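Working notes, structure below.
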2 protein chains.
Amino acid sequence: MARRGRRVGDADTRMQILEAARSAFARVGYDAATIRLIAADAGVDPALIHHYFGNKEDLFAEAVHVPFRPADAILGAFGPGIDGAGERIARLFFTIWDAEPSREAVLGQLRRSLVNPDAPAPFAEFISSALLRRAVGHLRGLHRELRLELMASQLVGLAMVRYVMKIEPVASAPLDELIAHVAPRIQTYLEESFLP
Amino acid sequence: MARRGRRVGDADTRMQILEAARSAFARVGYDAATIRLIAADAGVDPALIHHYFGNKEDLFAEAVHVPFRPADAILGAFGPGIDGAGERIARLFFTIWDAEPSREAVLGQLRRSLVNPDAPAPFAEFISSALLRRAVGHLRGLHRELRLELMASQLVGLAMVRYVMKIEPVASAPLDELIAHVAPRIQTYLEESFLP
């Protein structure tokens with residue numbers, strides 16, 4: 001394999017990889033932007049990307065400022081069991097929105113989806129590939145993917161109403177109060193006993 | 001009162017009023033755009049607007065292609081009682097999204113909110129003023145406004161995931177299947193027995 005362009009590991013190389021990654025994710029989407037493609041764009045060896053960033057989902061998380069590692073997030077939410085998972089997920093979700101850079105990344109993605117519905121939607125693919133697909137194994141019963149995504153849609157809608165549309169009283173309610181209301185509802189999506 | 005500019009009631013006048021209304025709602029928002037202001041912009045008497053369109057909420061609904069009258073919608077949802085209201089509301093909500101012009105109006109509003117967070121958000125104000133505030137009287141128990149809006153946020157999020165972010169399996173699921181899952185959850189927001 002040609003090693004042209006491979007550089008010593010320094011901050012510039014990391015930046016260069018992150019820029020190539022952001023550009024590739026935006027251009028072709030999350031699933032189609034392989035480590036190999038990003039490495040070629042950045043002029044580095046794919047192994048160097050794995051060395052610096054771990055796997056693709058961790059690279060994406062770092063590139064778009066998602067403030068957690070997907071695998072850790074799912075383990076944190078479901079590891080202690082299905083009881084209370086709704087609340088843990090709601091809290092994790094709002095750490096994204098409370099962190100300025102990741103909120104901007106999500107809003108930027110939504111803007112692009114609204115302006116150009118056919119453009120790649122790397123954030124949506126990431127949610128689907130790195131989070132929902134991994135969480136499925138922790139649920140029991142029918143329609144597990146659908147239930148997980150409907151649960152996610154409650155959180156997306158809450159963020160829209162609170163941070164984008166800014167409708168009161170949700171816009172100004174303390175986050176703990178919102179979570180107290182929403183957590184038991186999203187919990188019903190996670191449990192088998194509440195199927196239609 | 002000066003009657004300069006008042007015209008005979010014809011299709012052109014209706015169009016002129018609707019255009020003035022759309023422009024005023026976008027410029028100053030739903031609550032601040034009074035019938036009097038819209039009448040002045042359109043060069044007609046306020047009484048003519050009432051005559052053609054009823055009250056402000058009906059004028060807004062017609063101007064931005066909301067395919068129902070707010071008062072009728074709330075009566076339809078809550079008139080038969082709180083039982084089943086969640087499902088009736090979910091179905092009504094999706095008649096907005098299924099109607100092309102109103103979907104475009106909602107998406108246009110979301111686009112503007114995302115691009116310019118400080119711009120007036122007439123659609124959000126309309127939901128709050130014409131729908132949520134009126135629905136409150138049909139609920140019992142604490143936190144009624146908050147619960148109603150959280151219920152609405154579930155629907156907003158479902159629409160985002162299905163129509164804007166287009167994440168599977170929600171994007172392609174039959175609407176009846178989605179409603180079967182979501183209606184019992186949003187119903188919990190309407191009932192007193194499921195308070196945190």
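Small disclaimer: the values here were computed from a predicted structure and weren't measured. Proteins get letters first, then strands, A, B, ... in listed order; numbering begins at 1 in each.
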Task: Option that, when pairs with chain B are counted at under 4.5 Å, heavy atom only, ranks first among A:L146, A:V156, A:V182 - done: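 Looking at each of A:L146, A:V156, A:V182 in turn, A:L146 comes out on top.
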Open item on the list: I'd like to know which of A:M160, A:R111, A:E149 tops the heavy-atom pair count under 4.5 Å against chain B.
Closed with: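 Top option by heavy-atom pairs under 4.5 Å: A:E149.
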Do [X] and [Y] land in one hydrophobic cluster if side-chain heavy atoms of ILVMFWY residues count as linked below 4.5 Å?
{"X": "A:L37", "Y": "A:I49", "answer": "no"}
{"X": "A:L175", "Y": "A:I96", "answer": "yes"}
{"X": "A:M15", "Y": "A:I35", "answer": "no"}

Please tabulate, for side-chain N and O atoms in residues 161-170 of chain B, each donor-acceptor pair with protein atoms closer than 3.5 Å (sequence neighbours left out).
unit_1: B:R162; atom_1: NH1; unit_2: B:V170; atom_2: O; d: 2.9
unit_1: B:R162; atom_1: NH1; unit_2: B:A173; atom_2: O; d: 2.6
unit_1: B:R162; atom_1: NH2; unit_2: B:A173; atom_2: O; d: 3.2
unit_1: B:E168; atom_1: OE1; unit_2: B:S172; atom_2: N; d: 3.1
unit_1: B:E168; atom_1: OE1; unit_2: B:S172; atom_2: OG; d: 3.0
unit_1: B:E168; atom_1: OE2; unit_2: B:S172; atom_2: OG; d: 2.5

- [ ] Can you check whether anything in residues 69-92 of chain B gets within less than 4.5 Å of chain A, heavy-atom wise, and list it by number?
- [x]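 So far as heavy atoms go, nothing in residues 69-92 of chain B approaches chain A to under 4.5 Å.
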TODO: Enumerate by number any residue of residues 119-138 of chain B whose heavy atoms lie under 4.5 Å from heavy atoms of chain A; in the absence of such residues, state 'none'.
DONE: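 Within residues 119-138 of chain B, the residues that come under 4.5 Å of chain A (heavy atoms only) are B:A124, B:I127, B:S128.
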Open item on the list: Counting only non-hydrogen atoms closer than 4.5 Å, can you tell me which residues of residues 102-110 of chain A sit against chain B?
Closed with: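 Heavy-atom contacts from residues 102-110 of chain A to chain B are A:L107, A:L110.
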- [ ] Answer yes or no: is there a side-chain heavy-atom contact under 4.5 Å between B:Q154 and A:R185?
- [x]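 No, side chains not in contact.
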- [ ] Please examine the side chains of A:T188 and B:T188, heavy atoms only from C-beta on, and report whether any two atoms are closer than 4.5 Å.
- [x]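 Result no, sub-4.5 Å side-chain heavy-atom pair not found.
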